[in-house]
Amino acid sequence: MGAPSALPLLLLFACCWAPGGANLSQDGYWQEQNLELGTLAPLDEAISSRVWSSPDMLASQDSQPWTSDETVVAGGTVVLKCQVKDHEDSSLQWSNPAQQTLYFGEKRALRDNRIQLVKSTPHELSISISNVALADEGEYTCSIFTMPVRTAKSLVTVLGIPQKPVISGYKSSLREKDTTTLSCQSSGSKPAAQLTWRKGDQELHGESTRIQEDPNGKTFTVSSSVTFQVTREDDGADIVCSVNHESLKGADRSTAQRIEVLYTPTAKIRPDPPHPREGQKLLLHCEGRGNPVPQQYVWEKEGSVPPLKMAQESALIFPFLNKSDSGTYGCTATSNMGSYKAYYTLNVNDPSPVPSSSSTYHAIIGGIVAFIVFLLLILLIFLGHYLIRHKGTYLTHEAKGSDDAPDADTAIINAEGGQSGGDDKKEYFI
């Protein structure tokens, strides 16, 4: 009587411990299953599979499907892959976060043309979702209808692409040493993006990025400001605000604001030619620089009044230089931002001698003649050496060929030396 009375307690324990049905997952945790009416197993199977089962006794380990989490950029395509080792003659199924069936095996269940079948086999079910929207984010479920039903989850994260940043705060030209503040804003990022500032290639340290959730509850609007003092070197510079976000995958998304800086002019005097001589034409260029560009130039020479020239042209012209033109000259460049005066000391050098055309011609001819004479001398020296060497060689061969009959020159030389021939005869070569 003891054994039958224990059966209701075991059933009660099983129902309380695993309400709605549960199975042991691969990692050792119980997973709750939603069993529909009419799917209850016989009593002895319920006891053995739900109460007394252990990992070693569960042949369902190979029947547990597995998936992976995926991250996709909004507007892109994501592929969901579900695999199982032992399908137990059952099919795999994909469901969306709303628990709507997308595919059951190779059969489409939801009419959404963005969702397509990639692969369907007894061991794998893969589908793709194109043109992914932020609303597609969530947990997708892969199920296999064994006894009990087993599932695997795939968390799909959709990245919101930040919009092109917008810079505000610049209204008109700035004056040198003014301080200005620019603001930058970008919407639509998920997760929240980061903003950075730079001026040309130089990084600007703005305030920390401020984050605000968009009305859709999914994306964020980020903003930042930067304050800096401008100099004349900043005239025409681009102040750039860039947005950094993982959805951009390293691509640049930035906006530039070009600024204009007004500053007082500067000037310098440049002579043309650089080393003027008496009798030459000379131009003194007053090169003014500023924003705005100088519109008036006044030329003066120290010790003389009134000013030499007052005009919009920046050059002072000397048609024919004289020694009396030497002195210190000043150029005052003026704009509506102010004036600047540059100085140049002119020293007129003596005129350089100009060679006549006839003397130049004679110099050229003389050089050519000297070169030809030099070549002839070299040729004569080589020719003399050649003849001397070959003549000595000829006399030696003649003496060896006629020992008993010396030539006339040899005989004469011997006679003058008081010799008449014989074994002591000496030969002299000319």
Side-chain angles (χ1 to χ4, degrees), residues 167-183 197-204 226-241 254-352:
I167 297 178
S168 59
Y170 180 77
K171 297 179 181 179
S172 60
S173 302
L174 302 168
R175 288 179 174 267
E176 187 177 15
K177 297 183 180 180
D178 279 353
T179 298
T180 185
T181 299
L182 300 179
S183 298
W197 292 91
R198 71 177 188 273
K199 178 175 62 178
D201 296 330
Q202 175 188 357
E203 181 181 358
L204 293 177
V226 64
T227 301
F228 59 97
Q229 186 181 60
V230 297
T231 64
R232 62 179 57 203
E233 286 75 19
D234 295 330
D235 182 37
D238 287 330
I239 309 300
V240 181
C241 175
S254 59
T255 299
Q257 174 65 64
R258 180 160 294 181
I259 62 175
E260 181 183 16
V261 180
L262 305 177
Y263 57 94
T264 56
T266 59
K268 66 178 181 179
I269 299 175
R270 178 177 58 85
D272 183 20
H275 305 288
R277 293 181 177 275
E278 188 176 8
Q280 290 182 327
K281 180 182 178 179
L282 173 67
L283 279 79
L284 294 181
H285 296 277
C286 186
E287 299 177 343
R289 178 178 178 269
N291 188 20
V293 176
Q295 299 297 319
Q296 187 180 58
Y297 297 90
V298 178
W299 284 95
E300 298 173 294
K301 181 181 180 181
E302 288 187 354
S304 65
V305 288
L308 301 176
K309 182 179 180 182
M310 180 182 297
Q312 293 183 350
E313 293 80 12
S314 60
L316 181 63
I317 302 175
F318 297 84
F320 191 87
L321 274 179
N322 293 311
K323 287 285 188 177
S324 60
D325 293 325
S326 298
T328 300
Y329 291 81
C331 171
T332 302
T334 303
S335 71
N336 57 10
M337 290 295 294
S339 299
Y340 184 89
K341 190 170 185 179
Y343 292 94
Y344 173 76
T345 300
L346 173 61
N347 293 315
V348 180
N349 299 316
D350 293 331
S352 57

Going through the distances and angles, do Phe318 and Leu284 end up as a side-chain contact (heavy atoms from CB on, under 4.5 Å)?
CA-CA 8 Å; Phe318 297 84; Leu284 294 181; 3.8 Å; yes
For the side chain to side chain contact (heavy atoms under 4.5 Å, CB included) test, which of Asp235, Val230, Asp238 pairs with Ile259?
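It is Val230, the one option of Asp235, Val230, Asp238 that forms the side chain to side chain contact (heavy atoms under 4.5 Å, CB included) with Ile259.
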Ignoring hydrogens and angles, tell me if any N or O in the side chain of [X] forms a donor-acceptor pair with the backbone of [Y] under 3.5 Å.
X      : Y      : result
Gln296 : Pro294 : no
Lys268 : His285 : no
Ser314 : Glu287 : no

For side-chain contact (heavy atoms from CB on, under 4.5 Å), just list the numbers for Leu204 and Ile239, CA-CA rounded to whole Å, side-chain angles, deciding distance to a tenth of an Å, and then say yes or no.
CA-CA 9 Å; Leu204 293 177; Ile239 309 300; 4.2 Å; yes
Should Lys323 and Asp350 count as an ion pair when the cut-off is N to O under 4.0 Å?
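A salt bridge is present here (some side-chain N lies under 4.0 Å from a carboxylate O).
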Within a strict 4.5 Å, meaning less than it, do heavy atoms of the [X] and [Y] side chains meet?
X      : Y      : value
Phe228 : Thr180 : yes
Leu316 : Cys286 : no
Thr227 : Thr179 : yes
Thr332 : Thr334 : yes

Apply side-chain contact (heavy atoms from CB on, under 4.5 Å) to Leu346 and Leu282, showing your working.
CA-CA 10 Å; Leu346 173 61; Leu282 173 67; 3.7 Å; yes
How close do Lys301 and Ser324 get, counting heavy atoms only, and between which atoms?
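So the minimum-distance heavy-atom pair works out to NZ-O, 3.1 Å.
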For Glu300 and Lys341, what are the C-alpha separation, side-chain angles and deciding distance, and is it a side-chain contact (heavy atoms from CB on, under 4.5 Å)?
CA-CA 10 Å; Glu300 298 173 294; Lys341 190 170 185 179; 2.9 Å; yes
For a side-chain hydrogen bond (donor to acceptor under 3.5 Å, both in side chains) with Arg232, tell me which candidate from Asn291, Thr266, Thr264 qualifies.
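The side-chain hydrogen bond (donor to acceptor under 3.5 Å, both in side chains) with Arg232 is passed solely by Thr264 among Asn291, Thr266, Thr264.
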Within a radius of less than 6.0 Å around CZ of Arg270, do more than 12 heavy atoms belonging to other residues, nucleotides or ligands occur?
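Counting neighbours around CZ of Arg270, more than 12 heavy atoms of other residues, nucleotides or ligands fall under 6.0 Å, so yes.
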Of Lys177, Arg175, Lys199, the residue whose pairing with Asp234 passes salt bridge (Lys or Arg N to Asp or Glu O under 4.0 Å):
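Exactly one option meets the salt bridge (Lys or Arg N to Asp or Glu O under 4.0 Å) with Asp234, and it is Lys199.
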